[in-house]
Every structure is written in C-alpha cells, then in structure tokens.
Number of protein chains: 2
Amino acid sequence: MTLSQNLTAALRLRELILDGDLPGGTRVSEIPLSERLGVSRTPLRLALGQLQHEGLLEALPGGGFAVRLFTRDQVMDAIDLRGLLEGAAARLAAERRRGPDELEAIHGCVRQLDLLFDTGRLESENFERYVALNERFHALLIAGAGSEAITGAYERALALPFASPSAFVLLQADLPGSQRTMYVAQRQHRDLLDAITHGEGARAEALAREHARLARENLDLALESEERLARLPGAGLIDRAGSPLEDAA
Amino acid sequence: MTLSQNLTAALRLRELILDGDLPGGTRVSEIPLSERLGVSRTPLRLALGQLQHEGLLEALPGGGFAVRLFTRDQVMDAIDLRGLLEGAAARLAAERRRGPDELEAIHGCVRQLDLLFDTGRLESENFERYVALNERFHALLIAGAGSEAITGAYERALALPFASPSAFVLLQADLPGSQRTMYVAQRQHRDLLDAITHGEGARAEALAREHARLARENLDLALESEERLARLPGAGLIDRAGSPLEDAA
DNA sequence: AATAGTTACTCTGCATGCAACCCGGAGCCG
DNA sequence: CGGCTCCGGGTTGCATGCAGAGTAACTATT
C-alpha cells in the first residue's frame, strides 16, 4: 500500500523533529525539505500546516515556519494538562460505567503490568513491554471516558512528545531510585483502576492527576544532565536556557 | 491590508458552516467551493485541513471532506471539556497569582457586568454588551492561568461553536426564567473571582465547572424547539435524530 | 566609519495543468 | 432477471511555473 504524499511528509517531518535532526528554533524551508523528503512542495505545505496545528511548528511573521522551542515551564504545563485530562477521563469512567465487563480490558492490562513487576527487576528487554503496556493503560483510560471531546484534546496534548505518558520511562533506566518510582506508578495504576471499578469518581480524578505529576519530577531530573536529556523523545525542542545544564556551563 | 487567500478561505468557510449554509453531513467539494469563495484550490485545501483539525470537518474515506455532525451527547461533552479547562485555569490563577494588580482587568470586567445588571432588565440592546463582557471574562480567566497548554486546548475546544461560553446567551432572550439564570451566572462570576482573589484554588475550580454546567441545561432547552435551536450558532451541525424535536415528529 | 539606499536573490504563496482514483450507470453475459 | 464488467464523468491529489514579498549584502554618501 502506497501512503499519500501528504501523510509520508507529515510522518517523516515529525520524525525529523523528534529525532532532533531539526532542533527547536530551526527555520524549516520548503524547498530543501521537499528534496530531503522526496515529496513535492504542495503536499509538504499541507504537512507543515498539520504540524503547526499539532504545536510542533510555529508560523514565522514573514511567512514560513520554524520548529518550536519549549521552556521547562511550558513542558510542565503540558504534563499537567495531560494529568488534567486523564483525571477527567478517570472520573467519567468511574461515573458513567455501564456493564462490569467494560473494564475487563484495562483490568487485564494492569494484571499484565503486575506480572511484569513480579518477575523481578525491570531490565532492558522488559522495558519495551512496560512502555507498551503503560501506553495501553493510559489509552484505555481515556477511551473509558467515552468522551470524544476529551479524547481529541488528549491526542492533541500528546502531540508534544515529552507530554506522553511514557516519555520518561526510557529515561528511568538509569535514574536514581527508578525502581521505586515505577513501583509507585504501578501502585497508582492499581488504585486508579480500583477507584474506577468502585465508582469513586473524585478519588479516580485525584489519583490520575497525581500520577501525572511523577512526570514533573522526572523532567527536572532529565534536565540535570545532557546525557539524560538525550534519551528523551523530542529533547531538541526543549529550550535549555536557564536550566541546570545552562547554569553549569 | 489584504488577507492571505488561505486565511480568507478558512474564515469564509467557517462562516458558511456556522451560518448553516453547509449543514452537518454535507460533503464539501473543492471546485464549487473554490468558485464560491473566489480562491484557488490550493489555499482552499490548506483551509480544509485547518478546519479538519478544528473539528468542523471530517475526512471521508475516499478522500475529500464532509461537515461534521454532532450528537447531543457530544455537545454535552464539549461543554464539559470547556468547564474542565476553565476550572483548571481558575485553580491555577488562584494558586499562581503573583501581584495583586494582576487581577485588575478581570475585576473591572465583573464590575462592568454588575453595572449592566444594576440598570435593570437585560434588554436586547444590552445583550450585545453582555455577550462581549462575558466572553472577555472567560478569556481573561483562561489567560490568568498563564498556561500555554491550557490556552491552546481551550481555543481548540471553542472551535465547536456551541461550546463557546456565550453560545446560549442569545438564546436566553426568550427562555423561561432567563433573567434568573443570568443572575445565577453573574453570581458565579463574582464568586469565582472571589475564590481566585483569595487563593482558593479548589473552590475556584469547582465554581468554574459548575458555571459551565448552566450551558448543559440551556442546550436541552434549545433542543426542545426548532425556533430556539435556530438561534444557536452552528445549529446546523447538531444531529437532531433522537432529540425531542425528532420525537415530536 | 557608520548609515542609508539600492539591488539582487531567495523564499513563500498561489494558480493551473495533469494524472490517478472513485463512483455511477449501462450493457452484456450467465 | 440478476450479477458482473466495462466505461465515463467527476473529483481529489500532486507537480510545477510564476509573481510578489521579504531579506541580505553591497555600495555610496555623509
């Protein structure tokens, strides 16, 4: 199956940005980029508009686009927004739930996560599986709300890569106390699901918000060293002025 | 100043949709539309992509776009999302506030609204002013949070016209008990600002959410008769299957 | 030496032409 | 009489050519 030029352009361009090939602040010129991606300028322009709406690009006053730069505080706010939406989704899931089997999928997801922890320490080969299950948990949580409005806002919030629920998981491999953090996170997963199961909306909302706040902590840890930051998806979008990295220089 | 073709296309197309010239479900074809709007197909395609991201259009499987249709429940969810975001903004505004003069603008806005009510009943010529002040209040509320993430999500949520804070104000002119509803709303404005001023984040959040719920009530009132619904911006986007209107037919 | 003016160039934005695809209908065969 | 195939109109998606705006460099003048 041959993908449309528009889609390939958007996917490849997003890849370039997230991989850091186009660092934050870079001006994106159409002609060189169209040659680099192998697509014409017309579908590329469509893709540029898309990524602008996703928040990865910003329009320049004289025309054209540049890769966006995010300050630490903006990233924090994006993380909080994710927590806010997940909290609302959790509350709705708790309050709206119809049948008892509706939660079967997410229960299974949490059980599989538990199994992963029971096998001992999370080593590198398990990390991929953890990331997949973690993303699945959060996706099921959002879907469980049954609110298209929330789903849409959530997807848009995740367009910022470091706001994604698994953004810092890969980083945690060599963070101090990473195992403990992940135990806490898994405990929150279980409690969150428990709250939803018993229809405790307010508790579910509070837990989801608090769960997202783990990412705030991890972001500041990531900003402490260049090598840590490099593991973050979309690290090139973060404006390091005023961060601990910059202060040490 | 001559606007770009892309922008004019987007603005005029949105206007067509919201005015009901392109009712929900209509397929939008590029060529007739480009002639109707007086722009070429290239900038029009850009505008189509934009409106798709805004949620007013949906991509058809075989290519092309159609005007989206929203069910009552989807509209309700969109209203709740607005309340959620306003609640978060109110809480942040209460918790983050730096100087005391930061709230001067919104205090002035509420004072002007109070004046409007003190002059007696809100008649038609005052309604425009009320709408303007009401929108200003909500915009200041969001801006007061100082979170770009929330601002972005809010703007996207407002792309659905009936989710806007003033969507039902014009409707209230001939609703039963409209004056009382607006008194309640204004009381909520004052209480909300009071909570923010005193740094009461949780109270501010709860009030903002409850304030948005007035719109839920108004939506169901609007769905009760065709003539009421016609006053709603973007009424043509609402799927009336299963609504009281349909049941009466 | 600094600044203002000018010129040339690069880039974006737009229009149009072309090809591929999809949908509809008619005709043919089973 | 029904289903399948083939054909035609229409529509979308894409590439390219062109014009205008913005920019940067260079020169001339103060």
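Hydrogens, waters and symmetry mates are skipped; everything else that's a heavy atom, side chains included, is used. Each chain gets a letter, A, B and so on, in the order the sequences are listed, and its residues count up from 1.
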Taking 4.0 angstrom as the limit, do B/D220 and B/R72 come out as a salt bridge? yes
Could you run down nucleotides 5-16 of chain D 5' to 3' and tag each one B, S or - for protein heavy-atom contact under 4.0 Å? -------BBSBB
Might you work through the side chain to side chain contact (heavy atoms under 4.5 Å, CB included) test for B/E128 and B/V131, ending with a clear yes or no? CA-CA 5 Å; B/E128 276 184 35; B/V131 169; 5.7 Å; no
Do side-chain atoms of A/R209 reach the backbone of A/G83 as a donor and acceptor pair under 3.5 angstrom? no
Note: B/R97-B/E102 ion pair, threshold 4.0 Å (strictly below): no
Whole angstrom value for the distance that separates P of C/dC23 from CG of B/L60: 10 Å
Just the rounded figure in Å: distance from P of C/dC11 to CG of A/L48. 14 Å
Salt bridge check, B/R96 against A/D77: does any charged N sit closer than 4.0 Å to a carboxylate O? yes
Does any N or O in the side chain of A/T71 come within less than 3.5 Å of the main-chain N or O of A/Q74, such that one atom is a donor and the other an acceptor? yes
Can you tell whether the side chains of B/R213 and B/E217 come within less than 4.0 Å, N to carboxylate O? no
Give me, pair by pair, the N or O atoms of the protein and of nucleotides 5-10 of chain C that are less than 3.5 Å apart, along with how far apart they are.
none

Identify the two heavy atoms, one from B/V39 and one from B/A9, that lie closest to each other, and give their separation to 0.1 Å. CG2-CB, 4.0 Å
